Structures are given as structure tokens and as C-alpha cells.
J.: 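My questions will all concern the structure given below.
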Amino acid sequence: MTRRVSIFGATGSIGQNTLDLIGRDRASYEIVALTGGANIDKLAGDARAFNARIAVTAYDDQLDALRDALSGSGVEAAAGEAALIEAADRPADWIMSAIVGSAGLAPGFAALKHGSTLALANKESLVAAGPLIMAEAAKHGARILPVDSEHSAVFQALVGEDIDTVERIIITASGGAFRDLPVEALETVTLDEASRHPNWDMGQRITIDSASMFNKSLEIIETKEFFGMASDQIEVLVHPESLVHALVGYHDGAVMAHVGPPDMRHAIGYALNWPRRARLPVERLDFTRIGSLNFRAADEARWPALRLARDVMQTGGYAGAVFNAAKERALDGFVAGELTFNGMAQVVESVLTQMSADPGLSSAQISLDTVRQMDHLARQYAALAIRAVNQ
Ligand code: NAD
Ligand code: MG
């Protein structure tokens, strides 16, 4: 029987790895929707190759180009935010949420209504609206499977175990591009340097977030939301080899570690085939060649993003949405050359401090509309903070 699949963010790094796996077993899948941004050639090329029913670009001004590129193919073309939601409304058995940033929240949320399986790479949605997403999944009987490598690793280390017996979850971090640089040198690192990851091949934004550890800070919050852990049960360990992705410590003292090659097709393939394990085209590790694995503490002076994540979890409510949006705007600033590498954490901290003056920030009940408003507001505050830093 074929499975109906939709991929949001199909033209990105996760989307392309997902298509790589699907392409190896083409007859088992029927592609409903593929979505992308401005890379119309790739989107249209894949939509044709995989015979998708619809291809959606996020940008209205790309619709004509997409229509032209798809002409004669029988693939429907659409554009814009509403079209993304409409595509998410189309029934599918397995949906990949791999848009980057908070733009992935609304389509992923809409897809949960089918009560099918949502493979969640878009960690930003859990950071911004974790309780809403988990409640929506429960309401519709939908299953969310983690795709982030660390969270897939935790999920796998939990198979057959009782979550109540978990004492702690340790997620590892490679430390990113600057893990061995003296802290003072972080003042002057460039965009180019921050965009090179020592171990993983990923989209540019998450690669920079790895260097600043904003990625790990999002992942700490993702761990809290996904597995229902308290802040003090979640630890981060710097592990330069990126082979142990996560460790789960149980209350009898045992620790289950997940080890695998740094290839996202493992986590994607696990989510695609769950609850089975399928043969995957990833490297088989040779431990005699690896020899040793290294671990060290994650230094909060070097990576202030980690400390900020703890504050965000403490505040709760809309703090995650604010944190993520301020981070996204600060990252835009760094990419545009408006902000230094260290300036990103300063801007995010300043936005969190300013918005903490609003008692509504820590509301126990959150709504999707207010998440969106808080996201907009945080970006405005971040833009002002960027201006202030530059004065
Ligand atoms: P990417 O930049 O390579 O691709 C992003 C995708 O989102 C593209 O298809 C792009 O067209 C689309 N997109 C960008 N802005 C959009 C918008 N405003 N509206 C709609 N679509 C938009 O990113 P990626 O590295 O594949 O990451 C995707 C998600 O997966 C992120 O949430 C990231 O944190 C997460 N993730 C990625 C990796 C990885 O190895 N790349 C690992 C773990 C988690
Ligand atoms: Mg990760």
C-alpha cells in the first residue's frame, strides 16, 4: 500500500534528505504536497520528478515562475501563506515539517488535524507553542515524531521504557564552528566562518545557530516540551565527534546512549519508517577507527544562549515565542551584517528583559493568535535593540 506524504520545506536540507530516502523506494509513496521558497527550479524539478499533486512556494511573487516551471506537468501550483495552510489541510499519512523558523508553525499545526503522523524537524514550533502543539496532536489523535537528531535519539532510547523512570536527558552539542576559539575571539568572527559546521551539513541558519548554541538552546526547550521534562532534568554536553546524539539516564542509574553517524537521514528515516527500523543508506560506524569519544561541559560564558534558554523555561507562557522570534531577527541582523556574532545574544537578552515587563508574558494559557502577536512584537523590539547596539 502506498503512503501519502507531504513535505513542507522540501527544497531545504531536511526536505532534500527526506526526498532522497523516498526516492529510493519511490513506489511506496504518493506525494501530495511539496513546498519551498524562492528556489523555484528545485521545487518544480522535484514536484515533477516525484509527481506531486501540488507545489507551493511561500512567496506570492514567485507564483508565475512556479506556474511556468510546472506547465504541462499536471502539478498544481500555488503561493503564499494561505496556500501553505491549504496544502497542510490536504489529507496525508505522513507530513514532514521542515520549514525553517516560526514560519513552520502554522502549516505544522494545521497538518495535525488529519490525525496522522507529523515528522517534526521544525523545532521552532515547539519552542514557540509547545503546549498548543502537543494538545492539538492529542485532540486529533495525531502522532508527532521528532526529527531533530538529539530528540530522535532520546525517542529511540525511550523505546520500551517508562517515562516516569527517567531521571535526566542529556543532549549533546558539537560546539559548532567556534568551540575551540578563545572566547575573546568570538567578538570578530565572520558570517562565513559561522556558516561552516565541523560535522554536519545543514541549512545556513541552523549552522550559525550551532556556532552560537542558539540551536542547542532551542533544543533544550524542545526537550522540555516534547518529553515533558523539567529544566533541571535536561543537560547539555559538548561532544566534538557528534556521534553520541543523546543519553537518557534512568532512576536505577543506567544511561542509554544513542550513537550514530552525523547524517540526518538516520533521524528522518527513523521517523519515516517508525515503528519499524528500515535499512538506511547511512555510514556504519567503525569504532576501532573512532577510538575515543570526548565530552566536556557546556560553558555558559562562551554560549550565553544556553543561560537564556533556562530563563525562558522558567518564565514559560509566551517567553519561548519571544525568544525564538528575537533570535530569528537577530540572526537576520547577523546575516545582513547589521550585528556582530556576540551581538545576537545581547539583542535576544535585551528583548527578553524588555518584554518581561509585560505580566502577560508568563500566561499559563497561551493561544496561537497571541503567539503570532508576541512573535511580531519581539521582532520589532529586536530591530530596535539592533539599532541601539549599533549606536
Ligand atoms: P533550510 O534553510 O535548508 O531549508 C528551509 C526550507 O524552508 C526551504 O525549503 C525554504 O524554502 C523553506 N522556507 C524558508 N523560509 C520560509 C518561509 N518564510 N515560509 C515558508 N517556507 C520557508 O533549513 P534546514 O536546515 O532544512 O532546516 C529546516 C528545519 O529543520 C529547521 O527548523 C531546522 O532547525 C530543523 N533541523 C534541521 C537540521 C539539519 O540538519 N538541516 C537538523 C535538525 C533540525
Ligand atoms: Mg539537533
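Heads up: numbering here begins at 1 and tracks the sequence. Everything quoted here is computed from the prediction, not taken from an experiment. Order of appearance sets the numbers: ligands from 1, and atoms from 1 within every ligand. The analysis underlying the following values was restricted to heavy atoms, covering all of them including side chains, and did not include hydrogens, waters or symmetry mates.
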J.: Does this structure show an ion pair linking E150 with K216, if we count only N-O contacts that are shorter than 4.0 Å?
T.: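 Salt bridge present between E150 and K216.
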J.: So if you build clusters from Ile, Leu, Val, Met, Phe, Trp, Tyr with side-chain heavy-atom gaps below 4.5 Å, do L237 and V255 land together?
T.: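 Yes; tracing contacts between hydrophobic side chains, which count when under 4.5 Å, links both residues.
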J.: E124 and S102: side-chain donor and acceptor closer than 3.5 Å?
T.: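 There is no such pair (donor and acceptor under 3.5 Å, judged by atom type) between the side chains of E124 and S102.
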J.: If the threshold is 4.0 Å, N to carboxylate O, is there a salt bridge linking K42 and D46?
T.: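 No.
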J.: Quick check: G101 and ligand 1, any N/O pair under 3.5 Å apart?
T.: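 No; the residue has no nitrogen or oxygen that sits under 3.5 Å from a nitrogen or oxygen of the ligand.
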J.: Considering only protein heavy atoms, which is closest to atom 26 (O) of ligand 1, and at what distance to one decimal place?
T.: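 That would be I14 N, 2.9 Å.
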J.: Using the rule that two of Ile, Leu, Val, Met, Phe, Trp, Tyr join whenever any of their side-chain heavy atoms come within less than 4.5 Å, decide whether Y59 and F8 are in one cluster.
T.: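 Cluster IDs for Y59 and F8 differ.
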J.: In the protein, what heavy atom is nearest to atom 3 (O) of ligand 1, and what distance, to one decimal place, separates them?
T.: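 Sorting protein heavy atoms by distance from atom 3 (O) of ligand 1 puts S13 N, 2.9 Å first.
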J.: Numbering the atoms of ligand 1 from 1, which are under 4.0 Å from a heavy atom of A121?
T.: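 Per the distance check, 30 (O), 32 (O), 35 (C), 36 (N), 44 (C).
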J.: Taking atom NE2 of H151 and atom NE2 of H258, what is their separation to the nearest 0.5 Å?
T.: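 The NE2 atom of H258 is 13.5 Å from NE2 of H151, to the nearest 0.5 Å.
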J.: Does F8 come within less than 4.0 angstrom of ligand 1, counting non-hydrogen atoms of the residue?
T.: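 Distance cut 4.0 Å: F8 fails for ligand 1.
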J.: May I ask you to list the atoms of ligand 1 that are less than 4.0 angstrom from any heavy atom of I206?
T.: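 Listed by number with element: 25 (O), 33 (C), 34 (O), 36 (N), 37 (C), 38 (C), 42 (C), 43 (C), 44 (C).
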J.: Is it the case that the side chains of E241 and N199 hold a donor-acceptor pair, with the cut-off being a distance below 3.5 Å and no angle test?
T.: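 No donor-acceptor contact under 3.5 Å links the two side chains.
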J.: Assess, by modelled atom type and distance only, whether the side chains of N215 and E219 contain a donor and an acceptor separated by less than 3.5 Å.
T.: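 Yes, a side-chain donor-acceptor pair sits under 3.5 Å.
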J.: Look at atom 21 (N) of ligand 1 and say which protein heavy atom is nearest, naming residue and atom and giving the distance to 0.1 Å.
T.: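 Ranking protein heavy atoms by distance from atom 21 (N) of ligand 1, first comes I99 CG2, 3.5 Å.
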J.: What's the shortest distance from atom 16 (C) of ligand 1 to any protein heavy atom, and which residue and atom give it?
T.: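 In this structure, atom 16 (C) of ligand 1 has Y59 OH, 3.8 Å as its nearest protein heavy atom.
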J.: What pair of heavy atoms forms the shortest contact from T11 to N39, and how long is it?
T.: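 In terms of heavy atoms, the two residues are closest at CG2-O, 4.1 Å.
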J.: What about N215: any of its N or O atoms under 3.5 Å from an N or O on ligand 1?
T.: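 Checking ligand 1 against N215, no N or O pair falls under 3.5 Å apart.
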J.: Using heavy atoms and a threshold below 4.0 Å, how should the contact between E124 and ligand 1 be classified: side chain, backbone, both, or neither?
T.: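 The answer is the side chain.
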J.: Decide if atom CD of E81 counts as having more than 12 heavy atoms of other residues, nucleotides or ligands within a radius under 6.0 Å.
T.: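 Counting other residues, nucleotides and ligands, CD of E81 stays at 12 neighbours or fewer.
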J.: For atom 23 (O) of ligand 1, what's the nearest protein heavy-atom neighbour? Residue, atom name and distance, please.
T.: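 Answer, as residue, atom name and distance: V100 CB, 4.0 Å.
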J.: Which is it for N122 and ligand 1 at heavy atoms under 4.0 Å: side chain, backbone, both or neither?
T.: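 It is both parts that get close, each with some atom under 4.0 Å.
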J.: Please step through side chain to side chain donor-acceptor pair (under 3.5 Å) for the pair R48 and S73, ending with a clear verdict.
T.: CA-CA 6 Å; R48 281 178 183 273; S73 66; 4.6 Å; no
J.: Counting each atom of ligand 1 from 1 as listed, which ones have a heavy atom of G9 under 4.0 Å away?
T.: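 Within the 4.0 Å cut-off of G9, ligand 1 contributes 6 (C), 7 (O), 9 (O).
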J.: Would you give the angle at the Mg ion (ligand 2) between E150 atom OE1 and D148 atom OD1, to the nearest 10°?
T.: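 Roughly 100°, rounded to 10°.
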J.: Are D375 and R372 close enough for a salt bridge, meaning some N to O gap below 4.0 Å?
T.: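 Salt bridge flag = no for R372 with D375.
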J.: Provide the atom name of the closest N, O or S atom of E219 relative to the Mg ion (ligand 2).
T.: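 Nearest to the Mg ion (ligand 2) within E219's N, O and S set: OE2.
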J.: Need the ligand 1 atom indices (1-based, order shown) with element for anything under 4.0 Å from a heavy-atom of G203.
T.: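 Answer for ligand 1: 3 (O), 25 (O), 41 (N).
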J.: What's the shortest distance from atom 34 (O) of ligand 1 to any protein heavy atom, and which residue and atom give it?
T.: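 Protein heavy atom with the smallest distance to atom 34 (O) of ligand 1: K123 CE, 3.2 Å.
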J.: Let's go through F50 and I7 carefully: what are the C-alpha distance in whole Å and the side-chain angles of both, what is the deciding distance for side chain to side chain contact (heavy atoms under 4.5 Å, CB included) to 0.1 Å, and is it a yes or a no?
T.: CA-CA 12 Å; F50 285 86; I7 304 174; over 6 Å; no
J.: Is any N or O atom of G12, backbone or side chain, closer than 3.5 Å to an N or O atom of ligand 1?
T.: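 G12 vs ligand 1: N/O contact under 3.5 Å present.
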J.: Could you tell me whether some N/O pair between G36 and ligand 1 is separated by less than 3.5 angstrom?
T.: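 Checking ligand 1 against G36, no N or O pair falls under 3.5 Å apart.
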J.: Identify the closest protein heavy atom to atom 43 (C) of ligand 1: which residue and atom is it, and at what distance?
T.: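 For atom 43 (C) of ligand 1, the nearest protein heavy atom is D148 OD1, 3.0 Å.
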J.: Would you say S149 and ligand 1 have an N/O pair spaced under 3.5 Å apart?
T.: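 So ligand 1 has no N or O lying under 3.5 Å from an N or O of S149.
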J.: Say whether T11, considering both its backbone and side-chain N or O atoms, lies within less than 3.5 Å of an N or O atom on ligand 1.
T.: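 N/O-N/O distance below 3.5 Å exists for this pair.
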J.: Quick check on D201: does its CG atom have over 12 non-hydrogen neighbours (other residues, nucleotides or ligands) under 6.0 Å away?
T.: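 Counting neighbours around CG of D201, 12 or fewer heavy atoms of other residues, nucleotides or ligands fall under 6.0 Å, so no.
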J.: Between R205 and D332, is the closest basic N to carboxylate O distance under 4.0 Å?
T.: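 A salt bridge is present here (some side-chain N lies under 4.0 Å from a carboxylate O).
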J.: Counting from 1, what ligand 1 atoms have a heavy atom of M202 closer than 4.0 Å?
T.: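 Ligand 1 atoms under the 4.0 Å threshold to M202: 39 (C), 40 (O), 41 (N).
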J.: Answer yes or no for A98: is there a heavy-atom contact with ligand 1 below 4.0 Å?
T.: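 Distance cut 4.0 Å: A98 passes for ligand 1.
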J.: Any heavy atom of R205 closer to ligand 1 than 4.0 angstrom?
T.: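 It does not, in that no heavy atom of R205 comes within the 4.0 Å cut-off of ligand 1.
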J.: Can you list the steps and then say if W200 with H245 is a ring-ring contact (aromatic ring centres under 6.0 Å, His included)?
T.: CA-CA 12 Å; W200 294 90; H245 303 299; 5.7 Å; yes
J.: Give yes if a backbone or side-chain nitrogen or oxygen of G37 is under 3.5 Å from a nitrogen or oxygen of ligand 1, and no if not.
T.: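 Yes; at least one N/O pair falls below 3.5 Å.
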J.: Using a 4.0 Å cut-off to any heavy atom of A103, which atoms of ligand 1 qualify?
T.: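 Counting atoms of ligand 1 from 1, those under 4.0 Å from A103 are 17 (C), 18 (N), 19 (N).
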J.: Against heavy atoms of A58, which atoms of ligand 1 measure under 4.0 Å?
T.: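 Those qualifying, in numeric order: 19 (N), 20 (C), 21 (N).
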